[in-house]
Asker: 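Have a look at the structure that comes next, please.
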Amino acid sequence: MRILITGGAGFIGSHLAKRLVKEGYDLTLIDSFHSYYSKQQKLDQLAEAKKAGEFEFYEIDLLDEIQLKEWLTGRSFQKVIHLAAIPGVPASIADPLQYIDYDIKATVNLLRASGEAGISHVVFASSSSVYGDSGGKRRASKEGDADGNVASPYAAAKFGAESFCRAYRNLYGFDLTILRFFTVYGPWARPDMAIPIFMNKLLRKEKLHLYNQNSARDYTYIDDIIEGIYLSLKNPAGEKTYNLGSGNPVTLETLTTVLRKHFPQLEKEYAPKRMGDVDATWADIEKATSELGYQPRFSLEEGLERTVHWGRTYLR
Ligand SMILES: Nc1nc2c(ncn2[C@@H]2O[C@H](COP(=O)(O)OP(=O)(O)O[C@H]3O[C@H](CO)[C@@H](O)[C@H](O)[C@@H]3O)[C@@H](O)[C@H]2O)c(=O)[nH]1
């Protein structure tokens, strides 16, 4: 089976490549090395994935529709896993139009090219941010809860891109799986996210400044997310949307308590919530569990232990 992963040099893409290569898939990765974060980290991630086995890699910018179509012609992929995007809430407030380019336009180019190339299954990486703030609800978000009432341009772009995915599925008839990831962490985590930022500071013995005392996140370990993507790849079924989370929201207080076991000197103080951030995310994973057999295996303690182990070698 020939599979294309966009955003293949990223955090999730490189872990997924490792897994799919081990499963024996014929894999091609593309990435544009967008400057959102360091190209060197992406090259290191690719090198890490290559340790698992061979795959092809091409530097392609999905915004260049002509280049993309030419490149896809004759390559006969059966499935596309579309992870490429620029992430991050604060940057989307500073520069919203980039998010329309890289999270919506690039997605539309890929969907159209995929439809024309006869691809049979598209898996799209969406985000828990499409639920807006779950803080007031005091219950987990179900897939049907997303109503477009979001808190940032990034979330609006992901919500819009989901809608384009459904439009192009209706136009071309490919199977479509939309996966909403909940705050993914683990070795090679994206450097703009809270956990790697905290680890960087702790390794330097610096005090932590934590935005938003009321924050709660459904932190999800990367291997659980990869398992969820793998299961969705194996189970195409018309048009489906699934939450991939841990089902267990964790406060910053708890997160830092677990981190303190590894960094006993940890000192912290709270800072105000950032514009566009939601207080809480919380995944209802019942649908993914019953329909895909998705079952997160990693507790926060175990996931953080593995992440800290990686950080002590790579982040030094
Ligand atoms: N980044 C960051 N976050 C901090 C910091 N201090 C506290 N936080 C808090 O830590 C929590 C987690 O922040 P992130 O790791 O940045 O994750 P996120 O806000 O949940 O967003 C991530 O997950 C989404 C999917 O659920 C993604 O869509 C998004 O791109 C990002 O990866 C948030 O409540 C944030 O306010 C800090 O110094 N930096």
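Whatever order the structure lists them in is the order used to number ligands and atoms, beginning at 1.
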Asker: Consider only side-chain N and O atoms of His34 and Gln98, and report whether a donor and an acceptor are under 3.5 Å apart.
Answerer: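 Yes, a side-chain donor-acceptor pair sits under 3.5 Å.
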Asker: The criterion is salt bridge (charged side-chain N to carboxylate O under 4.0 Å, His left out); which residues satisfy it with Glu23, sequence neighbours excluded?
Answerer: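 With sequence neighbours excluded, Glu23 shows a salt bridge (charged side-chain N to carboxylate O under 4.0 Å, His left out) to Arg19, given in chain and number order.
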Asker: Can you give me every donor-acceptor pair (side chain of residues 70-85, partner residue at least two apart or in another chain, under 3.5 Å) with its distance?
Answerer:
{"from": "Thr73", "atom 1": "OG1", "to": "Lys69", "atom 2": "O", "distance (Å)": "2.7"}
{"from": "Arg75", "atom 1": "NH1", "to": "Trp71", "atom 2": "O", "distance (Å)": "2.7"}
{"from": "Arg75", "atom 1": "NH2", "to": "Tyr58", "atom 2": "OH", "distance (Å)": "3.2"}
{"from": "Gln78", "atom 1": "OE1", "to": "Arg2", "atom 2": "N", "distance (Å)": "2.8"}
{"from": "Lys79", "atom 1": "NZ", "to": "His121", "atom 2": "ND1", "distance (Å)": "2.9"}
{"from": "Lys79", "atom 1": "NZ", "to": "Leu233", "atom 2": "O", "distance (Å)": "2.7"}
{"from": "His82", "atom 1": "ND1", "to": "Thr6", "atom 2": "OG1", "distance (Å)": "2.7"}
{"from": "His82", "atom 1": "NE2", "to": "Thr107", "atom 2": "OG1", "distance (Å)": "2.9"}

Asker: Can you name the ring pair (Phe, Tyr, Trp, His ring centres under 6.0 Å) partners of Phe33, sequence neighbours left out?
Answerer: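 Listed in chain order: Phe57.
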Asker: Kindly tell me which protein residues have any non-hydrogen atom under 4.0 angstrom away from an atom of ligand 1, grouped by chain and ordered by number?
Answerer: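 Within 4.0 Å of ligand 1, the protein residues are Pro87, Gly88, Ser127, Ser128, Tyr154, Phe181, Phe182, Thr183, Arg190, Asp192, Met193, Ala194, Ile197, Phe198, His209, Leu210, Tyr211, Ser215, Arg217, Tyr219, Leu252, Arg274, Asp277.
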Asker: A cation-pi test, strictly: NZ or CZ of Lys273 under 6.0 Å from the centre of the six-membered ring of Tyr211 and no more than 45 degrees from its axis. Yes or no?
Answerer: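 No, a cation-pi geometry is absent between Lys273 and Tyr211.
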Asker: Classify the ring geometry between Trp188 and Trp310 as parallel (under 30°), tilted (30 to 60°) or perpendicular (over 60°).
Answerer: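 Rings of Trp188 and Trp310: tilted, as their planes differ by 30° to 60°.
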